[in-house]
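Notes follow the structure.
Naming convention: chains lettered A, B, ... in sequence-line order (proteins, then strands); numbering from 1 in each chain.
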Amino acid sequence: MRDETPPAKPMAFGEPTLARFAREVAKYPSDQKQSAVMACLSIVQQEQGWLSPEAEQGVADILGMPVMAVHEVTTFYNMYNQQPLGRFKLNVCTNLPCALRDGEQALQHLERRLGIQKGQTTEDGLFTLQQSECLGACADSPVLLVNDRHMCSFMSSDKLDQLIDGLRAAAKEEA
Amino acid sequence: MNVKQVLEQFQSRGIETCFHGRHISPQMVSGLDGSNWGLADYEARGGYAALRQILGRDGGAGMTPEAVIAHVKESALRGRGGAGFPTGLKWSFMPRQFPGQKYLVCNSDEGEPGTCKDRELLMHNPHLVIEGMAIAAYAMGTSVGYNYIHGEIFQVYERFEAALDQARAAGYLGERILGTDFSFQLHAHHGFGAYICGEETALLESLEGKKGQPRFKPPFPASFGLYGKPTTINNTETFAAVPWLIRNGGKAYLDCGRPNNGGTKIFSVSGDVERPGNYEVPMCTTFCTLLELAGGVRKGRKLKAVIPGGSSSPALPADLILSCTMDYDSISKAGSMLGSGAVIVLDDSRCMVKALKRLSYFYMHESCGQCTPCREGTGWLWRIVDRIERGQGRPEDLALLDNVAENIMGRTICALGDAAAMPVRGMIKHFRHEFEHYIEHKTGMVSASV
């Protein structure tokens, strides 16, 4: 079977993004630029919200690696977004240590509060809710991660409500 | 408030989990308060004195690499990531006369459910890990190192990068450290959500910018590691133990614990206790003492079971764990593993079938798919436990679970397969009656959600 998808046009990144890439690439031997792929992809995701085929192609060109090798990384690691998500991605840990301390309840509370099921995005495009595996903060349970980079600890129902209200207000202010 | 300010309100401060003052003779978390992670405070706590000492920059004669390794061997320090391999022995495997580049790697990909100690070490005492790595690099003649940090703890990665900048500026890292011939470059690398990368060869693949699929061993990383070069990989806490050990000597470290189990260890206590958190105590502290530090079983309930070393270690029923001391040998004798020191406590309201179902889902989700017994077997395990939990279990399911577990163990490239199989076998061994009850009555002996 022949794949009819035309190759993606490589994304052109701006100078600030390229400078962030360069800082990562500099950590590795000059013939091992591929080592920076995880960091570069997470930078793109932070700036754009997800990893489009164009972004993957752009990163592949910069690091001198096949785009399929970049795509393997995007699809192997849980935190890369392969499609656009809500403005705030919420990952709630429900692994056993968290399940013993209301992790599951936190997820259910957010489902009710946001009116969506896990895996879904709110209609206003603000929140995507996901169940997540161990975040490595078991003593802080219930815990959740916001947009990959911000861990929120001891998230009782009250705090979850404060978080949602706070993020809604902040997003309104931004707009 | 902007988004950043909103999120900062919910950031962990470590007060409940680390700065609670309920450690016993702590070495690694001693004197920390959350604000004193920086270089000046670390130096005021005696930081970088061990590095100065071995390099002869404290007015003394310095130490040879062989002498450093001899101290680590004498200390009986064992790998804190889970395997418990003697650290001094591992360091001595590095080919000293190898002409090319060698690498030192710190495994901070802390994702074993229940484990949350490296996160606090790196957040609140990052220079301790940097100093430990610099000493290790000197001992093994390594000039480049990486710290691979769990992607989910991005704030910790940023903190570690800030600490690296401080150490470089002060001359503790980089070219000609403290004016000697010793050079060591250290960088931080983050993961992005893959439990398997905690396995050392998967971590190396990931560090090379690939899918994190484990490699066959042999060759071992000491001969063929990062970029195919000799590489030593240790856990964060292992490196964190080194500065104290050098300052006070291998013998003093050994004397903190017992023969074959030297030093102190950080235990992450989670689940049904009053005060979940990290507790640094001497090796061989009794489980009862540790449980007491963590405030005892929650709401005064009775202890049912403990998973003593992260989710991969077999659960032990209360009567067995209550007579254990927290060290490699005692927990192993009881039929489990000390592992990463992640102690997951379950009280008598808990359903072991539901607990196992959650863990089995995790291993199925995180299997990298490389080896058939693990890729297919973890799915089998989950589906069987799931159907038991949904009231559709069959009498022969327990034998089937055991059979599937048996056929995963020892038949895969890495230990994830074993890690998925061991909890299943442990649960069925010690809590068989709960599974039988579930199959017969189509419901649990207790009505808990877990």
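- With a 4.5 angstrom heavy-atom cutoff, B/Cys368 touches chain A via backbone and side-chain atoms both.
- Comparing B/Ile307, B/Val450, B/Val3 by how many heavy-atom pairs each has under 4.5 Å with chain A, the most go to B/Val3.
- Interface remark: A/Gln131 contributes side-chain atoms only to the contact with chain B (heavy atom separation under 4.5 Å).
- Annotation: the span from A/His150 atom NE2 to B/Glu8 atom CD amounts to 8.5 Å, rounded to 0.5 Å.
- You'll find the side chain of B/Glu208 stays beyond 4.5 Å of the side chain of A/Gln34, heavy atoms only.
- Looking at A/Cys134 and B/Glu112, their side chains never come closer than 4.5 Å, going by heavy atoms from C-beta outward.
- Side-chain contact check for A/Ser35 and B/His189: no donor-acceptor pair (N or O, by modelled atom type) lies under 3.5 Å.
- With ring centers used as reference points, B/Tyr146 lies under 6.0 Å from A/Tyr28.
- Interface summary for chain A: among B/Ser311, B/Gly212, B/Gly111, the most heavy-atom pairs under 4.5 angstrom belong to B/Gly212.
- The shortest side-chain heavy-atom distance between B/Leu359 and A/Asn95 falls under the 4.5 Å cut-off.
- Annotation: residues 103-120 of chain A contacts chain B through A/Gln105 [non-hydrogen atoms, separation under 4.5 Å].
- Interface summary for chain A: among B/Phe362, B/Tyr227, B/Tyr361, the most heavy-atom pairs under 4.5 angstrom belong to B/Tyr227.
- For B/Gln5, no part lies under 4.5 angstrom from a heavy atom of chain A.
- A/Asp165 is not listed as a side-chain neighbour of B/Val6, based on a closest heavy-atom distance of 4.5 Å or more.
- Only the backbone of A/Ser132 comes within contact range of chain B, with heavy atoms under 4.5 Å apart.
- For residues 152-159 of chain B, a heavy-atom distance under 4.5 Å to chain A picks out B/Glu152, B/Ile153, B/Phe154, B/Gln155, B/Tyr157, B/Glu158, given by residue number.
- At a threshold of 4.5 Å between non-hydrogen side-chain atoms, the residues A/Asn78 and B/His365 count as touching.
- Chain A forms more heavy-atom pairs under 4.5 Å with one residue of B/Ser12, B/Ala194, B/Pro113 than with any other, namely B/Pro113.
- Here B/Leu7 is the residue among B/Leu7, B/Ile344, B/Asp118 with the most heavy-atom pairs under 4.5 Å with chain A.
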Taking it one step at a time, do B/Ser206 and A/Met38 satisfy side chain to side chain contact (heavy atoms under 4.5 Å, CB included)? CA-CA 8 Å; B/Ser206 184; A/Met38 293 182 68; 3.2 Å; yes

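- Under a 4.0 Å N-O distance rule, the pair A/Asp140/B/Arg119 qualifies as a salt bridge.
- Considering only heavy atoms from C-beta on, A/Asp148 comes within 4.5 Å of B/Phe192 through its side chain.
- Looking only at side-chain heavy atoms (C-beta outward), A/Thr94 and B/Arg358 come within less than 4.5 Å of each other.
- A distance-only check finds no donor-acceptor pair linking the side chain of B/Arg298 to the backbone of A/Arg101 [under 3.5 Å].
- Both the backbone and the side chain of A/Ser42 come within contact range of chain B, with heavy atoms under 4.5 Å apart.
- When heavy atoms are compared at a cutoff of 4.5 Å, A/Leu145 approaches chain B solely by way of its side chain, counted from C-beta outward.
- Using a 4.5 Å heavy-atom cut-off against chain A, the contacting residues of residues 270-278 of chain B are B/Ser270, B/Gly271, B/Asp272, B/Val273, B/Glu274, B/Pro276, B/Gly277.
- Looking at residues two or more places apart in sequence or on another chain, you find a salt bridge (Lys or Arg N to Asp or Glu O under 4.0 Å) between B/Asp348 and B/Arg301.
- Interface remark: A/Arg168 contributes no atoms to any contact with chain B (heavy atom separation under 4.5 Å).
- The most heavy-atom pairs under 4.5 Å with chain A, out of B/Lys117, B/Arg13, B/Arg350, come from B/Arg350.
- At a threshold of 4.5 Å between non-hydrogen side-chain atoms, the residues A/Gln162 and B/Phe10 count as touching.
- With a 4.5 angstrom heavy-atom cutoff, A/Ala137 touches chain B via backbone and side-chain atoms both.
- Distance check, rounded to the nearest 0.5 Å: CG of B/Leu346 to CG of A/Leu96 gives 6.0 Å.
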